[in-house]
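Okay, so here's the structure we're looking at.
Start at 1 with the first residue, then count along the sequence.
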Amino acid sequence: MESGDQQQWDAIILGAGAAGMMCAAVAGQRGRRVLLVDHADAPGKKILISGGGRCNFTNIHTAPDRYLSANPHFAKSALGRYSAQDFLALVELYGIAWHEKTLGQLFCDGSARQIVEMLQAECDAGGVTMILGAAVTNIDHGDGQYRVRVGEREHRAPALVLATGGPSIPKMGASGFAYDVARHFGLSVVQPRPALVPFTLGPDDALFQALSGVSADVGVRWGKIRFREAALFTHRGLSGPAMLQISSYWQHRTPIQVDFLPDRGADWLLEEKRARPRTQVRKLLGQALPERLADALLERAGVQGELGALSDKALRQLAARLADWPFTPSGTEGYAKAEVTVGGIATAGLSSRTMEATRVPGLYAIGEAVDVTGWLGGYNFQWAWASGWAAGQAL
């Protein structure tokens, strides 16, 4: 039945971001009548700001072990069925020029807008109807139909897809909306927290605030998790890729360990002492690290003078400290600066093949709204494409 204030669809997808647009395009091109709804006035807004405006759209090293989830196996099916190569083939079909940066990260040569335009074109090819700049005011379910009120009109469909992401970057309009809807239908939610987010440091590490803007290639460790990338000191604490990566795993009131000289052996200072005993330890460290950082570390370690004047034990202790320097963050910069969210709609209640809720027929959850979080570097986009594709095939 289609009256003036009611419309019937095969599927209603909430959230016109990466996952939602992918899902809508796939389902639409399979002949489904799809409605895609977003409160933003244009689709793909988070895509546009990603990768410094160039969109790190996937990672060629995508593998399930690069995702955090209460169920580490959940992502395998979708990622295996829609790979980074599959998405890259779509990008190339549209003639979008791309390049690989470090560690398998693929970016547009031009603008992230090209990815949004590609997804829009894919949705158009599937006859997808979009309602943008309109809030969903009510959702309920009965007689096998989801009823979604958008403005003055009620839309009905046997399938409802939650693709509204998580609460990271609230200034972009992000919220916990997907979690609220999931809970309304009896799904559980793994406690969300900010991920890929800078750390803040407390007064104990105030010495390092003077280093704002200094970066270095480091190894960072939390428990058994390790990353080797650049770290950046900020006026509030620690950032840069290495810190964003480890932040997804970090738990409050625990230290992270930083190796400031990841390419040096344990006895490198002793070897330098034998070779160049008259060299000042400050000069030596200032050649290996940015000078301001070297000064701050030596000041905190309380070591100065010529290498030859320092005991082997003192040099061993200094080398060991520089290789395993503890910082205990006071916290993170929160959702405002977090690129993604760890946690979300529990995978235990979803089919890993279709993304459908096992106990709520016709309800699907995809993308960042789900408790699957990738590393920095295109992994979260690949999860959006893969989970969106999986649900789009099932609708």
Side-chain angles (χ1 to χ4, degrees), residues 11 13 15-32 34 36 43-67 74-128 130 161 163 165 340 352-355 364 366-368 370 372-395:
I13 301 172
M21 291 180 84
M22 186 71 173
C23 181
V26 171
Q29 290 179 32
R30 292 179 58 245
R32 304 296 181 262
V34 178
L36 183 58
K45 283 208 160 174
K46 207 169 166 187
I47 299 173
L48 293 176
I49 63 162
S50 65
R54 290 203 166 169
C55 188
N56 179 188
F57 57 79
T58 192
N59 194 299
I60 55 174
H61 302 312
T62 296
D65 65 358
R66 300 187 170 202
Y67 292 83
F74 181 81
K76 285 180 179 173
S77 174
L79 292 171
R81 283 156 56 229
Y82 192 87
S83 69
Q85 260 47 49
D86 290 323
F87 189 76
L88 186 56
L90 185 63
V91 167
E92 296 198 318
L93 184 68
Y94 277 79
I96 297 171
W98 58 275
H99 59 280
E100 180 183 345
K101 280 177 77 170
T102 56
L103 305 171
Q105 301 168 12
L106 304 191
F107 286 78
C108 297
D109 284 3
S111 157
R113 188 165 296 285
Q114 294 173 285
I115 298 293
V116 177
E117 287 169 353
M118 174 187 84
L119 293 167
Q120 177 78 60
E122 285 287 294
C123 284
D124 292 346
V128 174
M130 290 193 192
V161 184
V340 291
S352 64
R353 187 165 176 83
T354 64
M355 305 289 136
Y364 297 74
I366 57 176
E368 196 192 332
V370 178
V372 174
T373 307
W375 287 2
L376 184 74
Y379 294 98
N380 289 294
F381 272 126
Q382 186 55 39
W383 169 246
W385 315 136
S387 59
W389 183 91
Q393 289 290 332
L395 286 172

Closest non-hydrogen atom pair between [X] and [Y], with its separation:
X      : Y      : value
Met22  : Gly388 : CG-C, 4.3 Å
Gly15  : Leu36  : O-CD1, 3.5 Å
Ile366 : Ala19  : CD1-O, 3.5 Å
Lys76  : Pro64  : CG-CG, 3.4 Å
Gln120 : Met21  : N-CE, 3.6 Å
Ser387 : Gly367 : OG-N, 3.0 Å

Side-chain heavy-atom pair Leu119, Ile47 within 4.5 angstrom cut-off = yes
Side-chain donor-acceptor pair present, [X], [Y], cut-off under 3.5 Å:
X      : Y     : value
Ser83  : Asp86 : yes
Trp98  : Glu92 : yes
Arg66  : Thr62 : no
Glu117 : Tyr94 : no

Apply side-chain contact (heavy atoms from CB on, under 4.5 Å) to the pair Asn56 and Lys101, showing each step before the final yes or no.
-> CA-CA 9 Å; Asn56 179 188; Lys101 280 177 77 170; over 6 Å; no
Any donor-acceptor pair under 3.5 Å from [X] side chain to [Y] backbone:
X      : Y      : value
Asn59  : Leu103 : yes
Arg32  : Arg30  : yes
Arg81  : Ala390 : no
Gln114 : Ser111 : yes

Residues passing the side chain to side chain contact (heavy atoms under 4.5 Å, CB included) test with Asn380, sequence neighbours excluded, are Leu196, Val340, Thr373
For Phe381 and Trp385, what are the C-alpha separation, side-chain angles and deciding distance, and is it a ring pair (Phe, Tyr, Trp, His ring centres under 6.0 Å)?
-> CA-CA 6 Å; Phe381 272 126; Trp385 315 136; 5.5 Å; yes
Please assess Phe74 against Met355 for the test side-chain contact (heavy atoms from CB on, under 4.5 Å), listing each intermediate value before the final yes or no.
-> CA-CA 10 Å; Phe74 181 81; Met355 305 289 136; 4.0 Å; yes
Can you measure from [atom1] ([X]) to [atom2] ([Y]) and round to the nearest 0.5 angstrom?
X      : Y      : atom1 : atom2 : result
Cys23  : Trp389 : SG    : CH2   : 11.5 Å
Met130 : Ile13  : CE    : CD1   : 9.5 Å
Thr354 : Gln393 : OG1   : CD    : 11.5 Å
Leu90  : Gln85  : CG    : CD    : 13.0 Å

Is the number of heavy atoms from other residues, nucleotides or ligands within 6.0 Å of CZ (Arg353) greater than 12?
-> no
Which is it for Phe57 and Ile96 under the side-chain contact (heavy atoms from CB on, under 4.5 Å) test, yes or no, and what are the steps along the way?
-> CA-CA 12 Å; Phe57 57 79; Ile96 297 171; 5.7 Å; no
Check the pair Trp383 / Glu368 against side-chain contact (heavy atoms from CB on, under 4.5 Å), numbers first and verdict last.
-> CA-CA 8 Å; Trp383 169 246; Glu368 196 192 332; over 6 Å; no
